[in-house]
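Here's the structure, in structure tokens; my notes come after.
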Amino acid sequence: DARHSHGVAMLCYFLTNGRPSAQLLMAALTHDLAEQEVGDIPFPAKRNLGIREKVNAAEAASLAAAGLTFELTEEEELLLSVADSLDGMLYCAGEAALGNRTLSGIYDAWRSVLKQQCGGLNDTQREVVAAVQQIWENSNAR
């Protein structure tokens, strides 16, 4: 979780042209901490089982109980979600670069989530997305 949360925070930094709010950075660094209590349930499982809202509410309650809620704008909520997806995609690319050819389906799932979010991105943010996709392509060219 620590590596992932750091990656998400760094991607938030790049997605905001180096000007993320403190609220966004803190949300990025803590967004998965509730999984310690609730469990790490992959997005497709939450969606397919129809429990996404319930799990999200349980995670939010866990973070609130720990005093780890951060007020984000609608744009920041989008960027946090985009950064989360991009970090998952980068993880898959790193594994692929090491020779793991079993993560294409997981990468595609992250890319599918990301595609739904891309409509609200500016040019710089789309460049970050394109760079991550290029890293994936390069990692599979070996």
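Rounded to the nearest 0.5 angstrom, L121 CG and L79 CG are separated by 7.0 Å. Here the OG atom belonging to S85 is positioned 9.0 Å from the CD atom belonging to Q116, to the nearest 0.5 angstrom. Taking OG of S5 as the reference point, atom CG of L25 lies at 12.0 Å (rounded to 0.5 Å). For the atom pair CD (E37) and CG (L63), the distance works out to 9.0 Å, reported to the nearest 0.5 Å. Summarising the geometry, atom OG1 belonging to T69 is positioned 11.0 Å from atom CE belonging to M26; distances are rounded to the nearest 0.5 Å. Within the model, atoms CG of L72 and OG of S81 stand 11.5 Å from one another, a figure rounded to the nearest 0.5 Å.
Between V128 and V82, every side-chain heavy-atom pair lies at or beyond the 4.5 Å cut-off. Proximity of E71 to E76: side-chain heavy atoms (C-beta onward) are nowhere separated by under 4.5 Å. Taking the side chain as every heavy atom from C-beta outward, T124 and T16 never approach each other to under 4.5 Å. In this structure, the side chains of T73 and E77 stay at 4.5 Å or more apart for every pair of heavy atoms. F70 has its side chain within reach of T30: a pair of non-hydrogen atoms, C-beta onward, lies under 4.5 Å apart. Looking only at side-chain heavy atoms (C-beta outward), N140 and R101 come within less than 4.5 Å of each other. Side-chain contact between Q133 and Y107 is present, with at least one heavy-atom pair separated by less than 4.5 Å. In this structure the side chain of H4 reaches within 4.5 angstrom of the side chain of H31, judged on heavy atoms.
In terms of modelled atom types and a separation under 3.5 Å, the side chain of D32 and the main chain of E35 share no donor-acceptor contact. A donor-acceptor contact shorter than 3.5 Å links the side chain of S21 to the backbone of L24. Judged purely by atom type and a 3.5 angstrom limit, S112 has no side-chain atom pairing as donor or acceptor with the backbone of D108. S139 places a side-chain N or O within donor-acceptor distance of the main-chain N or O of W136, the cut-off being under 3.5 Å. For Q125 (side chain) and N122 (main-chain N/O), a donor-acceptor pair under 3.5 Å exists by modelled atom type.
Note: the hydrophobic cluster containing M89 also contains L15 (ILVMFWY, side chain heavy atoms under 4.5 Å, direct or indirect links). Residues L78 and V132 are members of one and the same hydrophobic cluster, defined by side-chain heavy-atom contacts under 4.5 angstrom among Ile, Leu, Val, Met, Phe, Trp and Tyr. No chain of hydrophobic side-chain contacts below 4.5 Å, direct or via other Ile, Leu, Val, Met, Phe, Trp or Tyr residues, connects L33 to L80.
Listed here is the closest heavy atom pair of A28 and C12: CB-SG, 4.1 Å. Between A83 and V8 the shortest heavy-atom distance is CB-O, 3.7 Å.
Every residue meeting the salt bridge (Lys or Arg N to Asp or Glu O under 4.0 Å) condition with R3, not counting sequence neighbours, appears here in chain and number order: D87. Residues that satisfy the side chain to side chain donor-acceptor pair (under 3.5 Å) test with E127, not counting sequence neighbours, are absent from this structure.
Taking Ile, Leu, Val, Met, Phe, Trp and Tyr as members and joining any whose side-chain heavy atoms lie under 4.5 Å apart, directly or through other members, the hydrophobic cluster of L49 also contains V38, I41, I51, V55.
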Please test T102 against E95 for side chain to side chain contact (heavy atoms under 4.5 Å, CB included), starting from the C-alpha separation and ending with a verdict.
-> CA-CA 9 Å; T102 65; E95 285 292 307; over 6 Å; no

